[in-house]
Amino acid sequence: MHFPALTLALLTCAGTSVAAANTTKPYSTWMASSFLSKGQKINNHYVASVIHEGIQKAATAQKDSKLLAYASDAVSSLVTPNGTLIGWRPTFYTLDDIRIGNNILYFWNSEGRKEKKYEIAAKGLREQLNRWPRTPKGGFFHRDPIYKNQMWLDGIYMADTFYATYVSYFEPTNTTAWNDIALQFDLIEEHCRNKTSNLLQHGYSEDKKAVWANPVTGASPHVWDRAVGWYFVALVEVLEVYPSNLPGHARLLEYLTTLADGVKKAQDASGGWWLVMDEPYPGMKGNYIESSATAMFTYAYLKGIRLGLLDQSYTATASKAWDLMIDDFVQHEKNGTLSWTGTVEVGSLAGNASYDYYVGVKKAINDGKGAGPFMYAATEVELAQAL
Ligand SMILES: *[C@@H]1O[C@H](CO)[C@@H](O)[C@H](O)[C@H]1NC(C)=O
Ligand SMILES: *[C@@H]1O[C@H](CO)[C@@H](O)[C@H](O)[C@H]1NC(C)=O
Ligand SMILES: *[C@@H]1O[C@H](CO)[C@@H](O)[C@H](O)[C@H]1NC(C)=O
Ligand SMILES: *[C@@H]1O[C@H](CO)[C@@H](O)[C@H](O)[C@H]1NC(C)=O
Ligand SMILES: *[C@@H]1O[C@H](CO)[C@@H](O)[C@H](O)[C@H]1NC(C)=O
Ligand SMILES: *[C@@H]1O[C@H](CO)[C@@H](O)[C@H](O)[C@H]1NC(C)=O
């Protein structure tokens with residue numbers, strides 16, 4: 001596989017320090033060690049989970065044992081010897097806090113499946129899902145009680161990759177669970193998918209009580225790039241473990257391939273994607289090309305291709321996005337480390353979900369919700385180049 005524009009992008013790197021542009025260093029571990037030099041703390045919040053997953057992916061791909069040991073020790077420090085996940089609130093239901101379960105399962109599996117404390121901690125999260133408050137149709141509340149009867153695309157990434165990975169390890173023949181996982185995607189698709197653009201609105205309110213709810217579908221009014229990014233990644237990661245003999249598999253694959261098509265059509269000429277993706281907002285005053293979703297889409301395309309779920313033709317889409325990230329979002333610091341720019345701090349359905357709301361949120365430097373996915377994407381670029 002080739003990334004023809006890649007070398008050129010590296011040579012013409014628009015970072016603050018040209019001297020720091022170094023074509024021999026893999027970006028995955030470069031960004032990961034840069035993040036470590038800024039000081040990282042692990043906790044059970046999803047942003048820490050994502051940063052540590054980025055470090056773990058980079059370290060694994062580049063066989064960097066020091067970085068991998070860091071990620072492993074960090075996750076280990078979060079689970080006490082008796083299997084208590086520090087910070088976990090078993091009766092507080094917010095899908096964001098399930099994401100850390102993926103980091104735990106990763107090291108449980110990769111370190112020989114012998115660490116009992118990881119099994120206990122993961123089982124706690126799994127059992128919490130069995131108690132989770134749900135919409136009348138069976139969707140997990142994004143958070144109880146404030147987002148009661150709401151499903152957000154973000155929540156699919158936070159909980160359902162863990163749910164699927166756990167079931168693949170511990171309950172592989174539990175058809176009820178596999179169907180339940182597919183149902184979470186089905187509900188999002190039924191309410192949020194725009195069949196013309198093939199993009200999805202940020203979320204929906206099943207009882208239509210949210211101020212922003214569409215009176216027919218319950219959907220929120222806009223397509224927010226990062227929500228679509230999380231969802232795209234979740235489809236790839238769930239399909240990686242979903243049994244191909246169950247009917248849910250074909251549906252998930254259809255959701256993935258149609259989304260891949262919609263996202264490709266929405267790609268800007270620069271190679272990136274707009275914060276608010278639905279027409280007529282791309283290019284409109286206040287809107288901008290946002291970095292976290294650009295990283296997530298790049299990762300989802302390349303991993304989807306690597307797993308044989310997506311067509312090779314999307315390599316060009318990902319390559320173009322990668323070049324933009326290297327040129328515009330990766331910032332070279334004087335001391336040779338990298339920083340990550342251009343990530344919007346938040347996008348929530350807590351308020352009015354208007355265009356003005358989304359574009360009014362600030363961008364942050366070194367935001368893990370963008371830098372983590374950049375590490376994921378870099379890892380896939382490096383795996384593809386190694387072919
Ligand atoms: C590029 O990175 C490698 C590996 O870290 C290092 O040995 C080399 O000195 C760097 N070259 C430049 C020009 O910075
Ligand atoms: C390099 O500089 C960045 C930005 O000033 C800083 O955050 C980071 O801690 C520094 N890293 C090292 C290894 O000096
Ligand atoms: C598990 O260990 C933690 C601290 O190490 C302690 O607070 C907790 O009570 C223990 N739980 C059980 C069930 O033993
Ligand atoms: C199978 O999955 C369902 C739905 O998640 C769950 O309620 C049930 O406890 C699981 N069964 C087993 C044997 O784990
Ligand atoms: C769906 O997408 C099309 C094409 O971008 C657009 O014209 C239409 O308004 C969208 N529908 C909704 C409900 O957002
Ligand atoms: C929606 O909220 C934003 C702030 O988040 C505000 O600027 C805007 O005026 C509000 N729009 C409406 C229609 O209430």
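Atoms within each ligand, like the ligands themselves, are counted from 1 in listed order. All residue numbers refer to positions in the sequence shown, counting from 1. Source: prediction; values computed, not measured.
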Checklist line | Amino acids contacting ligand 4, non-hydrogen cut-off under 4.0 Å | finding: Arg126, Asn130, Tyr163, Glu171, Asn174, Ala177
Margin query: Under 3.5 Å between any N/O of Glu279 and any N/O of ligand 5: does that happen in this structure?
Written below: no
Next item on the list: Establish, from distance only, whether the side-chain atoms of Glu111 and Ser72 form a donor-acceptor pair under 3.5 Å.
Entry: yes
Margin query: Just checking His202 against Trp230, ring centres under 6.0 Å apart?
Written below: no
Margin query: Between Glu382 and Ala61 (side chain of the first, backbone of the second, donor and acceptor by atom type, cut-off under 3.5 Å), is there such a pair?
Written below: no
Next item on the list: Test the Lys148-Phe141 pair against the cation-pi criterion, namely NZ or CZ under 6.0 angstrom from the six-membered ring centroid and within 45° of the ring axis.
Entry: no
Notebook entry, point to check: Cluster question for you: counting only ILVMFWY and a side-chain heavy-atom cut-off of under 4.5 Å, with indirect links fine, are Trp322 and Trp274 together?
Noted result: yes
Next item on the list: For the pair Thr217 (side chain) and Asn214 (backbone), establish whether a donor and an acceptor sit closer than 3.5 Å, ignoring hydrogens and angles.
Entry: no
Note to self: In terms of relative ring orientation, are Tyr242 and His249 parallel, tilted or perpendicular, with 30° and 60° separating the classes?
What the structure shows: tilted
Check: Relative to the ring of His142, is the ring of Tyr147 parallel (under 30°), tilted (30 to 60°) or perpendicular (over 60°)?
Finding: tilted
Next item on the list: Give the atoms of ligand 3, by number and element, whose distance to some non-hydrogen atom of Thr84 is under 4.0 Å.
Entry: 1 (C)
Next item on the list: Number the atoms of ligand 5 from 1 as they appear, then name those within less than 4.0 Å of a heavy atom of Asn194, with their elements.
Entry: 1 (C), 2 (O), 3 (C), 8 (C), 10 (C), 11 (N), 12 (C), 14 (O)
Notebook entry, point to check: Hey, which atoms in ligand 3 end up nearer than 4.0 Å to a heavy atom of Thr80?
Noted result: 2 (O), 5 (O)
